[in-house]
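Let me begin by presenting the structure, written as structure tokens, before commenting on it.
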Amino acid sequence: KSNLARVVLTTSGANMKSFDYGVATDLKTLNGVDPKKDMMKIYAQSKLCQILWAKKLTRHLGPNSSIFVNAAHPGAVDTNIFDKSLQGWRWRPILLHIIHYLQKNVFWSSAEGALTLLYLGVATDQL
């Protein structure tokens, strides 16, 4: 048994590109979004929600809690998120060519991208 517990959420720097209202707080707004037009904003909103939930949970647990809640952006990681998120874009073939180059030559591998989140889940001395 451990005296410590962790909640680790994978978020994204894209959270800053959410809708002007930030997070939908009613079903009409939530369901009124066009997924084809606003795919990136929908993704950003979901990541913003994770950050807000982590902050709320941390406040709810209080300063003396042995449960650590973190939301972290793993950085630029070689995944297929761009293949799925660029559907319908006019410049998709050119963008994908550039992105695939960056993925193979600049971005972190999936294993490297997981390291920060893994650290947040298992480190004990530094927390």
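Every value quoted in this text rests on a predicted model; they were computed, and no experiment measured them.
- Considering all non-hydrogen atoms of both residues, Ala54 and Leu9 come closest at CB-CD1, 3.8 Å.
- Between Val77 and Phe107, the closest heavy-atom pair is O-CD2, 3.6 Å.
- For the residue pair Arg6 and Tyr119, the shortest heavy atom distance occurs at NH1-O, 4.4 Å.
- Across every non-hydrogen atom of Thr29 and Ala24, the tightest pair is CG2-CB, 3.9 Å.
- At a threshold of 4.5 Å between non-hydrogen side-chain atoms, the residues Trp53 and Val7 count as touching.
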What side-chain donor-acceptor pairs closer than 3.5 Å can you find for residues 11-18, not counting sequence neighbours?
| from | atom 1 | to | atom 2 | distance (Å) |
| --- | --- | --- | --- | --- |
| Thr11 | OG1 | Lys47 | O | 3.1 |
| Ser12 | OG | Ala14 | N | 2.9 |
| Asn15 | ND2 | Ser12 | O | 2.7 |
| Ser18 | OG | Gly22 | O | 2.6 |

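- Considering only residues two or more places apart in sequence or on other chains, Ser46 meets the side chain to side chain donor-acceptor pair (under 3.5 Å) condition with none of them.
- Contact of the Gln45 side chain with the Leu30 side chain is registered, since non-hydrogen atoms from C-beta on lie closer than 4.5 Å.
- Applying the salt bridge (Lys or Arg N to Asp or Glu O under 4.0 Å) rule to pairs touching residues 55-72 yields nothing, sequence neighbours excluded.
- A donor-acceptor pair under 3.5 Å is absent between the side-chain atoms of His97 and the main chain of Pro93, judged by distance alone.
- Of the possible polar contacts, none joining the Gln50 side chain to the Ala71 backbone as a donor-acceptor pair under 3.5 Å is found.
- Asp38 contributes no side-chain N or O that, together with a main-chain N or O of Lys41, makes up a donor-acceptor pair within less than 3.5 Å.
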